[in-house]
Amino acid sequence: ASTQPQPRGAFIVFEGADRAGKSTQCQMLVEHLQAAGVAAELWRFPDRTTAIGKMINSYLTSQADIDDAAVHLLFSANRWEKREELLRKLRAGTTLVVDRYAYSGVAFTAAKGAPGLDRAWCMSPDEGLPAPDAVFFLSLTVEQAAARGGYGEERYEKADFQRKVLEQFQAMRGSSWRVIDASQSIEDIQQQLREQAAAVVARCQRGGEPIKQLWG
Ligand code: NYM
Ligand code: MG
């Protein structure tokens, strides 16, 4: 058995309400890392390509109605079904830039304010999943999102609900979160993300960084 530090890829999660620019920034960051010679992949949750993901997609596009608790468990199951592949990639040295993770899971369900679905209940199914090395929270108010042309057509994309989602994110903010003011220009945001990501990637590449578990 080796006691050498094991180099690995970094697990970087992007969070925020809808329209904060996560997908744009994730894409740009992955391309930047790859151009710099870092093995990196862009992932997103929900992953709508799996059987579970297809059910989630039907729900989000209002083709299906699913009980609040049941759909919450589907979102979580969609992460669990990707767990082994996620760990395999990290251990093989690939950095994963992930557009939403369990924090969105908790924030969006808890924001419903449904009886029995408080934050503690919402957190429990994701307990034990791999924890990210860094969470970049793209912070944008509902008013700023509206000024950008507003929301799309999917379930949850309404100002009143997004305000509640933001309150839930606020309550979950941990010490490993980097809050980025998402009202800045795309280029300014990307610059800050690149600097922060480089430090996380370097730390994981050096080795000796165990992969932690939620909700640690
Ligand atoms: N969402 C996302 C949840 O409600 N629970 C979850 O666990 C996750 C990962 O899905 N409005 C919600 C947040 C979004 C919606 O995500 C679809 P996206 O990134 O817009 O495709
Ligand atoms: Mg969306």
Side-chain angles (χ1 to χ4, degrees), residues 11-30 41-83 85-86 96-114 117-132 135-142 144-146 148-172 177 182 214-215:
F11 179 12
I12 298 173
V13 164
F14 277 68
E15 284 289 5
D18 288 294
R19 290 292 172 271
K22 291 183 301 302
S23 302
T24 303
Q25 294 294 341
C26 283
Q27 183 82 43
M28 289 173 77
L29 179 60
V30 167
E41 282 184 16
L42 176 58
W43 282 32
R44 66 179 315 133
F45 288 107
D47 176 342
R48 305 190 194 208
T49 66
T50 69
I52 293 168
K54 290 190 174 95
M55 297 172 74
I56 292 170
N57 184 61
S58 302
Y59 175 77
L60 288 171
T61 55
S62 299
Q63 293 164 275
D65 283 319
I66 305 176
D67 172 81
D68 288 331
V71 80
H72 181 77
L73 297 174
L74 288 179
F75 275 108
S76 178
N78 186 232
R79 287 182 280 279
W80 279 103
E81 68 178 335
K82 300 293 287 185
R83 174 183 172 272
E85 186 184 350
L86 187 146
L96 300 178
V97 175
V98 183
D99 188 350
R100 295 192 191 278
Y101 197 54
Y103 312 92
S104 275
V106 174
F108 278 78
T109 301
K112 292 176 176 178
L117 308 190
D118 59 9
R119 210 158 40 242
W121 184 89
C122 291
M123 288 169 76
S124 57
D126 288 304
E127 191 177 327
L129 279 173
V135 177
F136 295 143
F137 184 78
L138 297 194
S139 174
L140 194 74
T141 66
V142 169
Q144 288 165 333
R148 279 191 176 173
Y151 299 105
E153 297 295 305
E154 288 204 330
R155 203 184 282 267
Y156 301 147
E157 302 201 36
K158 298 274 182 297
D160 287 349
F161 190 73
Q162 294 284 324
R163 224 170 255 122
K164 291 178 186 155
V165 170
L166 285 174
E167 283 169 20
Q168 292 296 331
F169 273 128
Q170 189 77 23
M172 266 190 298
W177 287 40
L214 295 179
W215 291 94

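Start at 1 and go down the list; that is how both ligands and their atoms are numbered.
In this structure, F108 and F169 have perpendicular ring planes: the angle between them is above 60°, well past the 30° mark.
Atom numbering of ligand 1 starts at 1 in the shown order; those under 4.0 Å from a heavy atom of Y156 are 4 (O), 11 (N). Of all atoms in ligand 1, numbered sequentially from 1 with element shown, those under 4.0 Å from a heavy atom of F45 are 9 (C). Below 4.0 Å from some heavy atom of L60 lie the following atoms of ligand 1, by number and element: 10 (O), 15 (C), 17 (C).
Between H72 and ligand 1 there is no heavy-atom distance shorter than 4.0 Å. Contact between R44 and ligand 1 is present, with at least one heavy atom of the residue lying under 4.0 Å from the ligand. A heavy-atom separation below 4.0 Å is not found between E157 and ligand 1.
Inclusion of R155 in the set of residues having an N or O under 3.5 Å from an N or O of ligand 1 is not warranted. For R48, a nitrogen or oxygen atom sits less than 3.5 Å from a nitrogen or oxygen atom of ligand 1, counting backbone and side chain alike.
Distance check, rounded to the nearest 0.5 Å: OG of S23 to CE of M28 gives 13.0 Å.
Within the 4.0 Å heavy-atom criterion, both parts of P46, backbone and side chain, lie near ligand 1. The part of D18 lying near ligand 1 is the side chain, judged by heavy-atom distances below 4.0 Å.
Around atom 3 (C) of ligand 1, the closest heavy atom drawn from Y101, F75, F161, Y151 belongs to F75. The heavy atom nearest to atom 18 (P) of ligand 1, considering only R79, R100, R19, is found in R100.
Heavy-atom neighbours of M123 CE from other residues, nucleotides or ligands within 6.0 Å: above the threshold of 12.
Using a 4.0 Å cut-off between a side-chain N of Lys or Arg and a carboxylate O of Asp or Glu, R48 and E154 qualify as a salt bridge.
For Y103 and W215, the ring centers are positioned less than 6.0 Å apart. A distance of 6.0 Å or more separates the ring centres of F161 and Y151.
Under 3.5 Å, the side chains of Y156 and K112 contain a donor-acceptor pair of N or O atoms.
Exactly one residue among V97, D99, L86 makes a side chain to side chain contact (heavy atoms under 4.5 Å, CB included) with W43. That residue is L86.
No side-chain heavy atom of Q25 sits less than 4.5 Å from a side-chain heavy atom of F136.
Counting just the N/O/S atoms of D18, the one with the shortest distance to the Mg ion (ligand 2) is named OD1.
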